[in-house]
Participant: 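Here it is, the structure in full.
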Number of protein chains: 2
Amino acid sequence: MDQMSRNIGIQLKKIRKERSLSLDDVAKATDVSKAQLAQIEKGEANPTVSTLWKIAAGLKISFSSLLQPPKTFFQKYSVDPSTYVSEENGKYRVYSIIPYNPERGWEFYKIEMDPGVIHKSEPHTEGVEETVTVIEGQAVVQCGNMKECLEEGETLVFSANQPHQYENPTDKVTILHLIIQYR
Amino acid sequence: MDQMSRNIGIQLKKIRKERSLSLDDVAKATDVSKAQLAQIEKGEANPTVSTLWKIAAGLKISFSSLLQPPKTFFQKYSVDPSTYVSEENGKYRVYSIIPYNPERGWEFYKIEMDPGVIHKSEPHTEGVEETVTVIEGQAVVQCGNMKECLEEGETLVFSANQPHQYENPTDKVTILHLIIQYR
DNA sequence: GACAAATGTATACTATACTAAACAAAATGT
DNA sequence: ACATTTTGTTTAGTATAGTATACATTTGTC
């Protein structure tokens, strides 16, 4: 989340510097206190939409120009154990690698399936797309009445708007990478 | 401003109803309290970006889908006396009709110029465009070294990134409509 | 170098966003 | 028809966003 606050701060400071304004100038133009503006720029604040509005209106900029993330990234993620989920009596384990981000629109999971396990999923809302890649082992993916067996290194993309299931037909653990893209 | 809050509320409720979720469901999915969600939907709240983030992330939607204004409008404006500004010793009067709106990107003024008045403006930031229409009288508009005399009903568009001025060469009051478009 | 103005930071206080719980109203089931 | 669950609303309390003021640092000017 504080990713967002940091972005806003960066964008605001960038615009302010481009126009070579002081915090006082911006405070006067936007009717937002200098202290608060400083906090926002440092990414240490959690502004309300009304203050964002006042900033955007006072500076004559759009909302998106404040929310826009910087164009270059260099961000490391590792499996987040706090969001670890296990199903099918612990035989189907889901690890979040990149959690959902409203700006990005998708999330990234690692999945471990014990031998023989079948995991069923309810249909998601319209427009949701799953991309599965087999890292290790094999996976049989079924969606509606379509079915595909994936070998190591193979990838399947499908729209998950109907019941679907993952199965590990082998006698070893199968490891998948799963990207879920929302509309 | 509360235009914005109202929009967010409408959008949120729309998405919730589309998926036929209860406030409790959304509260559970987003980790935002039911009470707050209710307030937001009614447009009576002024949420922070962190709560917007939690809502967007929990519902797997983008930021813009919350900020998006409804597609149909029917909104009346009249001259706002509180933002009335006069310059050149009261001989150049500016009335705001539609104030700047970060989503729209432009604002709309009515201007009254007494006979003979000349009003000079400093250059605006890059990308600012002015559109002047003469409602009554005549106006001589100068921008940089360009010059144009506008009769009643005529309109001029120019980029206001250099010093410019408005002049009323007649012996009657001239009335202008001015649209200022920001980048 | 010394004074003055301007800039960002830190502090104390106020307003309000947000939560948790109790409540009321409607829907659901037996 | 009645109890039970599900729904949105209201209320009281807490956390924190926001402001105003004072402070520290820099910048420019004579």
Side-chain angles (χ1 to χ4, degrees), chain A residues 1-59 61 63 65-67 82 99-100 102 122 125, chain B residues 1-59 61 63 65-67 82 99-100 102 122 125:
Chain A
M1 148 58 212
D2 36 49
Q3 178 68 28
M4 182 87 263
S5 297
R6 209 171 311 128
N7 284 352
I8 294 174
I10 292 170
Q11 287 299 124
L12 175 54
K13 186 159 196 173
K14 180 159 159 282
I15 293 168
R16 183 169 70 86
K17 288 303 181 188
E18 276 172 8
R19 306 189 184 174
S20 50
L21 300 170
S22 69
L23 286 176
D24 260 317
D25 295 334
V26 177
K28 206 162 301 166
T30 62
D31 203 35
V32 173
S33 73
K34 194 168 53 155
Q36 184 64 4
L37 289 170
Q39 293 264 332
I40 292 172
E41 283 196 353
K42 284 190 256 176
E44 293 168 359
N46 179 16
T48 62
V49 303
S50 90
T51 54
L52 284 188
W53 179 274
K54 287 199 283 186
I55 292 172
L59 258 34
I61 57 180
F63 248 81
S65 61
L66 281 177
L67 302 178
S82 74
Y100 180 81
E122 289 309 301
T125 62
Chain B
M1 151 54 212
D2 35 49
Q3 178 69 28
M4 182 87 265
S5 298
R6 211 170 310 126
N7 284 353
I8 293 174
I10 293 169
Q11 287 298 125
L12 176 54
K13 186 159 195 172
K14 180 158 158 283
I15 293 168
R16 183 168 71 86
K17 287 303 181 187
E18 277 173 7
R19 306 189 185 175
S20 50
L21 300 170
S22 69
L23 286 176
D24 261 316
D25 294 335
V26 177
K28 205 162 303 166
T30 61
D31 204 35
V32 173
S33 74
K34 197 165 55 154
Q36 184 64 6
L37 289 170
Q39 294 264 331
I40 292 173
E41 282 195 353
K42 284 191 258 178
E44 292 168 359
N46 179 17
T48 62
V49 304
S50 88
T51 54
L52 284 188
W53 179 275
K54 288 198 283 186
I55 292 172
L59 259 34
I61 57 179
F63 249 82
S65 62
L66 280 177
L67 302 177
S82 74
Y100 180 80
E122 291 310 301
T125 61

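Quick note: numbers below take in every heavy atom, side chains included, and nothing from hydrogens, waters or symmetry partners.
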Participant: Please confirm whether the shortest side-chain N or O distance from A:Lys17 to OP1 or OP2 of C:dT7 is below 4.0 Å.
Facilitator: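 Checking A:Lys17 against C:dT7: no side-chain N or O falls below 4.0 Å of OP1 or OP2.
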
Participant: Which residue lies toward the 5' end of DNA chain C, B:Lys34 or B:Leu52, if each is placed at its nearest nucleotide?
Facilitator: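 With B:Lys34 and B:Leu52 compared, the 5'-side residue is B:Leu52.
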
Participant: Please determine whether a side-chain nitrogen or oxygen atom of A:Thr48 lies at a distance below 4.0 Å from atom OP1 or OP2 of C:dT16.
Facilitator: no

Participant: In whole angstroms, how far is the P atom of D:dT9 from the CD atom of B:Gln39?
Facilitator: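 In whole Å, D:dT9 P and B:Gln39 CD are 9 Å from each other.
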
Participant: What is the separation between atom CD on B:Gln36 and atom C1' on D:dA17, rounded to the nearest whole Å?
Facilitator: 13 Å

Participant: Once you round it to whole Å, what is the distance between P of D:dA17 and CG of B:Asn46?
Facilitator: 12 Å

Participant: If only side-chain N and O atoms of A:Arg16 are considered, is one of them under 4.0 Å from the OP1 or OP2 phosphate oxygen of C:dT7?
Facilitator: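 It does not, given that no N or O in the side chain of A:Arg16 lies less than 4.0 Å from OP1 or OP2 of C:dT7.
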
Participant: Is any side-chain nitrogen or oxygen of B:Thr51 closer than 4.0 Å to OP1 or OP2 of C:dA17?
Facilitator: no

Participant: To the nearest angstrom, how far is B:Glu41 atom CD from D:dG8 atom C1'?
Facilitator: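 One finds 10 Å between C1' of D:dG8 and CD of B:Glu41, rounded.
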
Participant: Within residues 21-33 of chain A, which residues have any heavy atom lying less than 4.0 Å from an atom of DNA chain D?
Facilitator: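 Only A:Asp31, A:Val32, A:Ser33 qualify.
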
Participant: How many angstroms lie between atom NZ of A:Lys28 and atom CG of A:Asp24, to the nearest 0.5 angstrom?
Facilitator: 6.0 Å

Participant: Would you indicate what B:Lys42 reaches in the nucleic acid, counting non-hydrogen atoms under 4.0 angstrom: base, sugar-phosphate, or nothing?
Facilitator: sugar-phosphate

Participant: Categorize A:Lys13 for me: base, sugar-phosphate, or nothing, with a 4.0 angstrom heavy-atom threshold over every strand shown.
Facilitator: nothing

Participant: Measuring from atom NZ of B:Lys42 to atom CG of B:Leu37, what distance do you get when rounded to the nearest 0.5 angstrom?
Facilitator: 12.0 Å

Participant: Round to the nearest Å and state the distance from B:Lys54 atom NZ to D:dT16 atom C1'.
Facilitator: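 My rounded result for the distance is 13 Å.
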
Participant: Would you say A:Glu18 has more than 12 foreign heavy atoms packed within less than 6.0 Å of its CD?
Facilitator: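 Counting neighbours around CD of A:Glu18, more than 12 heavy atoms of other residues, nucleotides or ligands fall under 6.0 Å, so yes.
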
Participant: If you compare all heavy atoms of B:Val26 against all heavy atoms of B:Arg16, which two are closest, and at what distance to 0.1 Å?
Facilitator: CG2-CD, 3.5 Å

Participant: So how far is it from A:Leu59 CG to A:Leu66 CG, rounded to the nearest 0.5 Å?
Facilitator: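 The CG atom of A:Leu59 sits 8.0 Å away from the CG atom of A:Leu66.
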
Participant: Just how far, in rounded Å, is P of D:dA17 from CG of A:Leu37?
Facilitator: 15 Å

Participant: Rounded to whole Å, how long is the line connecting atom CD1 of A:Ile40 with atom C1' of D:dT19?
Facilitator: 12 Å

Participant: Please give me the minimum heavy-atom distance between B:Gly58 and B:Thr30, naming the atom from each residue.
Facilitator: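 It is CA-CG2, 4.0 Å.
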
Participant: Distance from B:Met4 atom CE to A:Leu52 atom CG, nearest 0.5 Å?
Facilitator: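 Spacing of CE (B:Met4) from CG (A:Leu52) equals 10.0 Å.
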
